[in-house]
**Student:** 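My questions will all concern the structure given below.
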Amino acid sequence: MKKFIIISLLLFLTSCSTIKHAIGGAVGGGAVAAFIPEPAAVAAGAAGGVMVTELIMPSQSPAAVVAQVAGAGPVQGTTASTLHETGGLIKTIGYWYLILFVFLPLFSKKGRTWFKKFGSIHNTVSQADIDARDDEQDKVMKENIKRIEALEELAKKMRG
């Protein structure tokens with residue numbers, strides 16, 4: 001019951017254009033998430049959903065556009081408004097992604113250890129492993145040098 005009251009309160013307090021954009025973003029993000037489950041792709045799908053809902057049901061009425069034209073004011077148009085709102089949405093989603101998935105994990109021990117491991121990923125080979133590999137390569141090189149010398153002697157014998 002508590003959830004129902006909260007949801008109905010949110011619906012009553014928000015305007016139709018806000019709900020329209022929220023539904024468009026949710027449908028767009030959900031459609032993309034079904035095929036590409038990556039945060040950047042879902043964010044782009046949500047932005048696309050907002051753009052489509054704005055193009056289908058523009059926020060500004062045709063009468064308001066006519067009034068702006070009659071008053072010689074700048075007409076922004078549905079597409080320009082949609083692109084501006086989408087840019088703001090992508091920026092906001094980027095900031096939330098940065099906060100939730102980059103900065104927030106730094107406050108937990110698990111997140112800090114993950115970042116430490118991620119930062120030292122290039123130092124995963126020990127010096128003993130490197131020395132062992134060098135010794136093995138030296139042995140192979142010595143064998144190859146012996147084979148080349150043997151082939152050169154064989155070639156000298158065959159020449160004369």
Side-chain angles (χ1 to χ4, degrees), residues 2-3 6-7 10-11 14-60 74-160:
K2 189 177 186 181
K3 289 181 184 180
I6 291 173
I7 291 173
L10 286 174
L11 289 176
T14 58
S15 65
C16 291
S17 63
T18 305
I19 294 171
K20 171 185 69 176
H21 293 298
I23 291 172
V27 169
V32 171
F35 300 106
I36 307 170
E38 292 191 21
V42 173
V50 170
M51 285 176 37
V52 168
T53 56
E54 182 63 32
L55 289 172
I56 291 173
M57 297 175 286
S59 297
Q60 197 172 16
V75 179
Q76 287 194 353
T78 304
T79 306
S81 175
T82 302
L83 292 176
H84 178 71
E85 288 178 13
T86 304
L89 176 68
I90 291 173
K91 191 179 201 181
T92 304
I93 289 172
Y95 285 135
W96 276 107
Y97 183 83
L98 185 69
I99 290 168
L100 292 175
F101 298 109
V102 176
F103 292 137
L104 199 59
L106 289 175
F107 294 113
S108 70
K109 185 175 181 180
K110 192 180 212 180
R112 287 191 302 271
T113 56
W114 184 86
F115 273 102
K116 285 179 187 174
K117 286 180 184 177
F118 187 74
S120 65
I121 199 165
H122 62 280
N123 294 332
T124 56
V125 179
S126 68
Q127 188 62 38
D129 292 339
I130 294 172
D131 291 339
R133 186 174 50 193
D134 286 345
D135 292 339
E136 188 177 322
Q137 288 176 349
D138 288 343
K139 289 177 187 175
V140 170
M141 287 295 291
K142 287 178 183 176
E143 287 179 25
N144 286 338
I145 290 172
K146 289 178 185 176
R147 289 178 183 159
I148 291 171
E149 289 173 353
L151 286 173
E152 287 177 350
E153 287 182 30
L154 184 64
K156 284 182 187 177
K157 288 181 183 176
M158 292 183 80
R159 286 187 205 155

**Student:** Please list, chain by chain and in numerical order, all residues satisfying side-chain contact (heavy atoms from CB on, under 4.5 Å) with Gln127, sequence neighbours excluded.
**Tutor:** Ile130, Asp131
**Student:** Kindly write out the residues that satisfy side-chain contact (heavy atoms from CB on, under 4.5 Å) with Glu143, not counting sequence neighbours, or none if the list is empty.
**Tutor:** Arg147
**Student:** CD/Glu149 to NZ/Lys146 distance, rounded to the nearest 0.5 angstrom?
**Tutor:** 9.0 Å
**Student:** Sequence neighbours excluded, which residues qualify as side-chain contact (heavy atoms from CB on, under 4.5 Å) partners of Phe107?
**Tutor:** Leu104
**Student:** Between Val140 and Gln137, is there a side-chain heavy-atom distance shorter than 4.5 Å?
**Tutor:** no
**Student:** So, taking the atom named CD in Glu152 and the one named CD1 in Ile148, what distance separates them when rounded to the nearest 0.5 Å?
**Tutor:** 7.0 Å
**Student:** More than 12 heavy atoms of other residues, nucleotides or ligands under 6.0 Å from CD of Glu136: is that the case?
**Tutor:** no
